[in-house]
Amino acid sequence: FTVNTKETVYRNYQKITLQESPGNVPAGRLPRSKDVLLLNDLVDCARPGEEVIVTGVFEHSFQASQNAKHGFPVYSTLIKANHIAKKGSAYAAARLTDEDRNEIRELARDPRIGERI
């Protein structure tokens, strides 16, 4: 087996496990978890232990090896994330300083803002 480096595509990829907050789980029950796939700019946007809100697409894939082993259809599921927001940061824009607001207004007046971005 050799890697064809000319045709290989590299991209940012991260798989995290989303788990129910232990405080919201009834006594005597384990928190449920689900794998979440992060791509490109979403990689490294959440740290372990942070509470986040994930928006994405819930996908499933057929597991043929598990099907033969158990004798019935087995599917694995994951969420392909489109957006992740940290819980409690919904009002982050309200914490802008006066200097930040002035800079935003200055950038808004610039006719070449599209090129600068």
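Model, not experiment: these values are computed from the prediction. Numbers for residues simply follow the sequence, beginning at 1.
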Original post:
If you measure from CZ on Arg109 to CD1 on Ile104, what distance do you get to the nearest 0.5 Å?
Top reply: 12.0 Å
Original post:
Are the side chain of Ser21 and the backbone N or O of Asn24 linked by a donor-acceptor pair below 3.5 Å?
Top reply: no
Subject >> Over all atoms of both residues, closest heavy-atom pair of Ala81 and Leu42 >> reply: O-CD1, 3.4 Å
Original post:
Got a second to check how far Ile79's CD1 is from Lys15's NZ, nearest 0.5 Å?
Top reply: 12.0 Å
Original post:
How long is the span from the CG atom in Leu39 to the CG atom in Asn82, to the nearest 0.5 Å?
Top reply: 9.5 Å
Subject >> Val52 versus Ala46, closest heavy-atom pair with distance >> reply: CG1-CB, 4.0 Å
Original post:
Is a side-chain donor or acceptor of Gln14 paired with a backbone partner of Asp44 at a separation under 3.5 angstrom?
Top reply: yes
Subject >> Residues Thr17 and Lys34: side-chain donor-acceptor under 3.5 angstrom >> reply: no
Original post:
Distance from Glu59 atom CD to Asp35 atom CG, nearest 0.5 Å?
Top reply: 13.0 Å
Original post:
Would one find more than 12 heavy atoms of other residues, nucleotides or ligands at under 6.0 Å from atom CZ of Arg32?
Top reply: no
**OP:** Rounded to the nearest 0.5 Å, what's the gap from OH on Tyr13 to CG on Leu38? Could you check?
**Re:** 9.5 Å
Subject >> Leu30 versus Glu20, closest heavy-atom pair with distance >> reply: O-OE1, 4.5 Å
Subject >> Side-chain donor/acceptor of Gln19 to backbone N/O of Ser33, under 3.5 Å >> reply: no
Original post:
Linking I/L/V/M/F/W/Y whenever their side-chain heavy atoms sit closer than 4.5 Å, directly or via other members, would Phe58 and Ile16 fall into one cluster?
Top reply: yes
Subject >> Audit row: Glu103, Glu106, side chain to side chain contact (heavy atoms under 4.5 Å, CB included) steps and yes/no >> reply: CA-CA 5 Å; Glu103 188 173 343; Glu106 185 179 318; 5.5 Å; no
Original post:
What distance separates Thr77 OG1 from His60 NE2, expressed to the nearest 0.5 Å?
Top reply: 9.5 Å
Subject >> Verify same cluster id: Val54, Leu37 (apolar side-chain graph, 4.5 Å) >> reply: no
Original post:
For the residue pair Cys45 and Glu50, what are the closest heavy atoms and their distance?
Top reply: O-OE1, 4.3 Å
